[in-house]
Structure formats: structure tokens, C-alpha cells
**Student:** 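A single structure is presented below for examination.
For the numbers below, each heavy atom of this structure counts, side chains included, while hydrogens, waters and symmetry mates do not. Numbers here simply count residues along the sequence, with the first being 1. Counting starts at 1 for both ligands and their atoms, following the listed order.
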Amino acid sequence: MSGVIVTNPPKADAKDVESLSGYGVATVHEALGRSGLLGPDLRPIQQGVRICGSAVTVLSWPGDNLMIHAAVEQCGEGDLLVVTTTSPSTDGMFGELFATALQRRGVRGLVTNAGVRDTEELREMGFPVWARAVSSQGTVKATGGSVNVPVAIGGQTVRPGDVILADDDGVMCVPRERSARAVEASAARTAKEEASRAAFAKGELGLDRYGLRDTLARLGVEYRTYEEYAREEAGS
Ligand SMILES: O=C([O-])CC(=O)C(=O)O
Ligand SMILES: [Mg+2]
């Protein structure tokens with residue numbers, strides 16, 4: 001397989017990336033009309049870590065990490081490596097040695113639909129990883145591929161320079177030209193959720209707050225309110 005390595009692709013505004021790091025994946029995903037999620041299969045190897053960065057993408061041959069070595073050179077401060085393979089593979093193509101080299105360059109983490117290994121060391125060194133598999137299976141460095149081309153991963157297209165946000169709930173991609181919109185919409189959603197949280201803490205029900213009694217009636221769902229039930233029980 002031949003390939004191409006693209007140097008210094010366009011990126012999202014760095015201020016937007018910093019702002020987005022203040023929001024969770026669920027919030028930004030909802031704020032962008034429930035888009036951008038890389039699905040439930042990419043799991044964090046750690047807990048309680050949220051990262052946000054600019055995608056450097058890698059398209060590798062399965063069982064071959066040559067192009068990850070090539071990608072390290074293209075990575076810099078604030079980047080986040082996104083690795084996929086040309087056909088499905090769970091081989092452990094990434095571990096603590098790659099993480100050491102990437103951490104030295106200011107890279108914030110790795111997202112891959114292939115496999116990783118050395119997970120204890122990765123957690124210890126604080127290099128965050130989201131992967132489809134954990135596997136000790138070793139790989140070779142023998143086949144060409146591409147760096148910084150659009151890749152398909154987790155049902156999404158990720159282009160170099162797009163914003164990747166990852167936390168305990170998963171991974172999402174914000175297209176680089178939508179980063180400002182994502183910040184604005186996430187702030188609005190957070191304010192809305194703060195108001196709902198305060199109302200729920202005081203006992204208001206979602207059924208009333210969101211006007212869902214009308215929805216239940218429209219759907220023909222028969223029910224009694226809790227007050228009706230309590231009155232009937234008291235009367236019986
Ligand atoms: O070297 C490899 O093939 C992957 C690995 O275990 C590491 O990066 O530490
Ligand atoms: Mg290793």
C-alpha cells in the first residue's frame with residue numbers, strides 16, 4: 001500500500017479547542033444536534049480524564065505500526081493522535097514507548113479503533129488512551145500508509161485538524177469549521193441543564209418541566225399522577 005504524509009494541515013481555532021475542553025462529550029454531542037460521536041466501542045483505559053485536542057490522523061495497515069512512527073514527527077503541542085487501520089484489527093500497535101515520544105511533543109492522547117498494550121504504564125505515565133481493544137499482540141513496521149488524511153473511525157469521518165474531545169463517556173469529533181458554533185451551543189446547553197438540575201433538586205418533574213404529560217396523552221399512555229394515586233389509596 002502506498003500512501004501520503006501531509007504536513008501541517010489546517011486546524012480549528014486554538015481558543016475554541018481550549019473552550020471545548022471545559023465541556024463533556026455528552027454535552028457537546030447534544031449541543032451539535034447529537035452528532036459527531038465515535039460510537040460506544042472506543043473505551044477509555046483510564047477513568048476520570050477528559051482531553052481535547054487537534055486530530056493528527058493515521059491510516060495504517062492492520063498489524064503494522066510503521067505509520068504511527070511516521071506520525072510522531074508530524075505531532076506537536078495540543079495535538080491528539082487518531083489511528084485507524086485499513087481493515088479491522090485488534091493488534092496492540094501502540095504502547096508506552098510511543099506514548100513517551102508523544103508526551104515529549106506535547107500530544108494530549110490517543111484514540112484508536114485498533115488495539116493498545118502497556119496499559120498499566122500508560123495509566124501511570126498519565127497518557128490518556130481510548131481504544132477498541134487491549135492486546136499484547138505485537139506488530140511489524142513494514143507497510144506504507146497515510147498520515148493526516150481524512151479517516152473513517154467509529155462511524156465518523158475525522159479530518160486532520162478537527163477537534164477530538166474524549167472523556168469517560170466516549171469520544172467525539174467536532175469538524176474544525178464548526179468549533180466556534182460548538183462552543184456557543186455547549187455553553188447554552190450547559191446553562192439550560194443547570195436550570196433543570198436546580199429545578200429537579202427542588203422536586204420538579206421532567207414530565208412537567210418538559211411538557212411531557214401532553215406527549216403521554218398524545219401517545220395514549222394511561223396513567224394516574226402520584227397525587228391521584230395517593231388520594232385514591234387514602235379514600236379506599
Ligand atoms: O513498540 C510497539 O510496537 C508498541 C509498544 O509496545 C510501545 O509503543 O511501547
Ligand atoms: Mg511496549
Side-chain angles (χ1 to χ4, degrees), residues 1-9 38-154 156 158 160-168 170-171 173:
M1 185 177 116
S2 62
V4 61
I5 298 174
V6 177
T7 300
N8 203 19
L38 269 59
D41 295 334
L42 306 188
R43 306 308 310 152
I45 65 159
Q46 67 289 312
Q47 286 288 292
V49 177
R50 182 196 292 158
I51 57 169
C52 188
S54 180
V56 170
T57 63
V58 181
L59 180 60
S60 276
W61 196 255
D64 191 314
N65 63 10
L66 170 64
M67 297 317 293
I68 302 182
H69 282 283
V72 172
E73 185 177 26
Q74 303 300 326
C75 284
E77 195 68 42
D79 287 340
L80 201 153
L81 201 61
V82 177
V83 177
T84 188
T85 49
T86 53
S87 64
S89 169
T90 56
D91 294 348
M93 65 199 301
F94 184 97
E96 50 90 20
L97 287 176
F98 273 130
T100 301
L102 290 172
Q103 217 167 33
R104 168 89 165 76
R105 302 176 81 85
V107 174
R108 295 182 176 164
L110 169 82
V111 167
T112 180
N113 60 357
V116 297
R117 60 188 190 178
D118 309 329
T119 53
E120 182 181 352
E121 289 89 341
L122 289 168
R123 278 188 292 275
E124 267 167 22
M125 65 194 283
F127 188 84
V129 170
W130 284 254
R132 189 164 63 89
V134 172
S135 170
S136 294
Q137 178 60 55
T139 56
V140 300
K141 305 169 199 342
T143 320
S146 293
V147 175
N148 279 333
V149 297
V151 295
I153 176 168
Q156 301 292 330
V158 176
D162 283 348
V163 185
I164 299 293
L165 177 65
D167 64 16
D168 289 348
V171 183
C173 174

**Student:** Just which atoms of ligand 1 are under 4.0 Å from any heavy atom in R117?
**Tutor:**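 Listed by number with element, the hits are 2 (C), 3 (O), 4 (C), 5 (C), 6 (O).
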
**Student:** If I apply the N/O under 3.5 Å rule, does L97 come out as touching ligand 1?
**Tutor:**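 N/O-N/O distance under 3.5 Å: yes.
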
**Student:** At their closest point, which heavy atom of S87 faces which heavy atom of P62, and how far apart are they?
**Tutor:** OG-CG, 3.4 Å

**Student:** Over all heavy atoms of both residues, which pair between V107 and L81 is shortest? Give the atoms and the distance, please.
**Tutor:** CG1-N, 4.2 Å

**Student:** Considering distance alone, does some N or O of F94 sit under 3.5 Å from an N or O of ligand 1?
**Tutor:** no

**Student:** Is it the case that ligand 1 has an N or O less than 3.5 angstrom from some N or O of D118?
**Tutor:** yes

**Student:** So, taking the atom named CG in L38 and the one named CD1 in I164, what distance separates them when rounded to the nearest 0.5 Å?
**Tutor:** 6.0 Å

**Student:** So which protein heavy atom does atom 3 (O) of ligand 1 come closest to, and at what separation?
**Tutor:**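 Here the nearest protein heavy atom works out to N65 ND2, 3.1 Å.
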
**Student:** Hydrogens and angles aside, do D91 and T139 bring a side-chain donor and acceptor to less than 3.5 Å of each other?
**Tutor:**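 No, T139 and D91 have no side-chain donor paired with an acceptor closer than 3.5 Å.
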
**Student:** Can you name the closest pair of heavy atoms from F94 and L102 and give their distance?
**Tutor:**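 Reported closest heavy-atom pair: CE1-CD1, 3.6 Å.
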
**Student:** So, of the N/O/S atoms that D118 has, which is the nearest one to the Mg ion (ligand 2)?
**Tutor:**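 Of all N, O or S atoms belonging to D118, OD2 is the one nearest the Mg ion (ligand 2).
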
**Student:** Identify the two heavy atoms, one from N65 and one from F98, that lie closest to each other, and give their separation to 0.1 Å.
**Tutor:**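 Where N65 meets F98 most closely, the heavy atoms are ND2-CE1, 3.4 Å.
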
**Student:** Does the N or O separation between G95 and ligand 1 drop below 3.5 Å for any pair?
**Tutor:** yes

